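Here is the structure we will look at, set down as structure tokens.
Model, not experiment: these values are computed from the prediction. Only heavy atoms go into these numbers, but all of them, side chains included; no hydrogens, no water, no symmetry mates.
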Amino acid sequence: MGFIGSGSIGRTLARLAVGAGHQVVLSNSRGPETLADTAAELGPRASAATSEEAAAAGDIIVVTVPVSAFPHVPAAPLAGKTVIDTCNYGPERDGHIPELDSKSLTSSELLLRYVPDALLVKAFNNIFFKHLLSLARPAGAADRSYLPIAGDSAPAKAAVTEFIDSIGYSVVDAGSLAGSWRQATGTPVWGTPYGPYSNEQGQPVGEHAIRAALATATR
């Protein structure tokens, strides 16, 4: 697993991935030396590198950066690779982006413009990082939670589903990248089903509730 961006979601996913037996290569915009402590804490399955090195090293790459940083995501090493996009658009942080303000594109479709040969899957953008850590459950658990994913490549979706299963979640296929607005910031499936931020343990959410939340989204 390669990580482009190592903020709250990135570090949480890396922790879950290491726990599930995956190797992780972390990167951020400030350089690998700033991630030395994080990699050391995660143990021998974790290392730090540049974004280009992380992108080249991983079989699956997680892009978890501000939308405003999309132009800096290294495109060449992502060609042909399964890429998980966890990113959410926030004008107050990212500045106003006309295509996103007008809703002519989803943020994932915008990312795809910068990494056109990647096999992009939207995932993990709808859950609070503390809930992501606390709600992981083994396969077969009665209180296992579901996460929506969206993408245009069936093989990439299958690879992401397998990864998500390995770290303790089941998946609802939410359709195409063009339809990934259904899990964007402020939609019914974004955050709310898993409980308020004030409840750091979160609450498990089954398949039906995720499907219902996706179905009631409006644009």
Side-chain angles (χ1 to χ4, degrees), residues 1-14 17 24-32 34-35 48-127 129 147-161 163-164 174-187 190 219:
M1 302 290 300
F3 286 79
I4 298 174
S6 298
S8 297
I9 283 286
R11 289 195 307 271
T12 301
L13 275 176
V24 303
V25 182
L26 303 168
S27 73
N28 63 18
S29 60
R30 301 186 302 281
T34 65
L35 290 166
T50 66
S51 294
E52 289 78 7
E53 289 166 342
D59 297 318
I60 296 177
I61 311 300
V62 180
V63 174
T64 179
V65 299
V67 170
S68 57
F70 283 178
H72 307 297
V73 174
L78 297 181
K81 289 197 173 184
T82 295
V83 175
I84 299 174
D85 165 23
T86 79
C87 310
N88 287 310
Y89 173 51
E92 69 289 341
R93 177 196 61 195
D94 298 312
H96 283 280
I97 299 171
E99 299 94 328
L100 300 185
D101 288 341
S102 68
K103 298 180 170 59
S104 62
L105 286 180
T106 64
S107 61
S108 290
E109 290 175 306
L110 180 65
L111 176 57
L112 198 58
R113 287 188 172 182
Y114 293 101
V115 292
D117 298 316
L119 305 174
L120 210 60
V121 178
K122 189 78 168 187
F124 302 112
N125 71 300
N126 74 309
I127 187 168
F129 74 96
L147 295 167
I149 67 170
D152 299 332
S153 164
K157 278 182 170 177
V160 172
T161 296
F163 169 67
I164 290 174
S176 67
L177 286 184
S180 62
W181 61 267
R182 290 186 175 278
Q183 64 195 75
T185 306
T187 60
W190 185 77
R219 197 173 192 183

First locate atom [atom1] of [X], then atom [atom2] of [Y], and finally report the distance between them rounded to the nearest 0.5 Å.
| X | Y | atom1 | atom2 | value |
| --- | --- | --- | --- | --- |
| Q183 | S108 | CD | OG | 7.5 Å |
| R182 | N126 | CZ | CG | 14.0 Å |
| K157 | I164 | NZ | CD1 | 11.5 Å |

Write down the atom of [X], the atom of [Y], and the distance for their closest heavy-atom approach.
| X | Y | result |
| --- | --- | --- |
| S176 | A150 | O-CB, 3.5 Å |
| S107 | V67 | CB-CG2, 4.4 Å |
| I149 | A123 | CG2-CB, 3.8 Å |
| K81 | A56 | NZ-O, 2.8 Å |

Run F163 and I84 through side chain to side chain contact (heavy atoms under 4.5 Å, CB included) and show every step you take.
CA-CA 10 Å; F163 169 67; I84 299 174; 4.1 Å; yes
Going by side-chain hydrogen bond (donor to acceptor under 3.5 Å, both in side chains), Y89 matches just one of N125, D94, D101. Which one?
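Only one of N125, D94, D101 forms a side-chain hydrogen bond (donor to acceptor under 3.5 Å, both in side chains) with Y89, namely D101.
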Take R219 and T106, measure what side chain to side chain contact (heavy atoms under 4.5 Å, CB included) needs, and give me the verdict at the end.
CA-CA 11 Å; R219 197 173 192 183; T106 64; 3.8 Å; yes
Got a donor-acceptor contact below 3.5 angstrom from the S51 side chain to the S27 backbone?
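Not at all, since once roles are kept as given, no pair shorter than 3.5 Å links the two residues.
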Are the side chain of T82 and the backbone N or O of L119 linked by a donor-acceptor pair below 3.5 Å?
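No.
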Before you tell me yes or no, could you show the steps for L120 and D152 under side chain to side chain contact (heavy atoms under 4.5 Å, CB included), namely the whole-Å CA-CA distance, both residues' side-chain angles and the distance that decides it to 0.1 Å?
CA-CA 7 Å; L120 210 60; D152 299 332; over 6 Å; no
Could you give me the CA-CA distance, side-chain angles and deciding distance for V83 and V115, then say whether side chain to side chain contact (heavy atoms under 4.5 Å, CB included) is met?
CA-CA 10 Å; V83 175; V115 292; 5.7 Å; no
Tell me, please, which residues at least two apart from T64 pass side chain to side chain contact (heavy atoms under 4.5 Å, CB included).
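I9, V62, T86.
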According to side chain to side chain contact (heavy atoms under 4.5 Å, CB included), who are the partners of E99, at least two apart in sequence or on a separate chain?
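So E99 forms a side chain to side chain contact (heavy atoms under 4.5 Å, CB included) with I97, S104, L105, R113.
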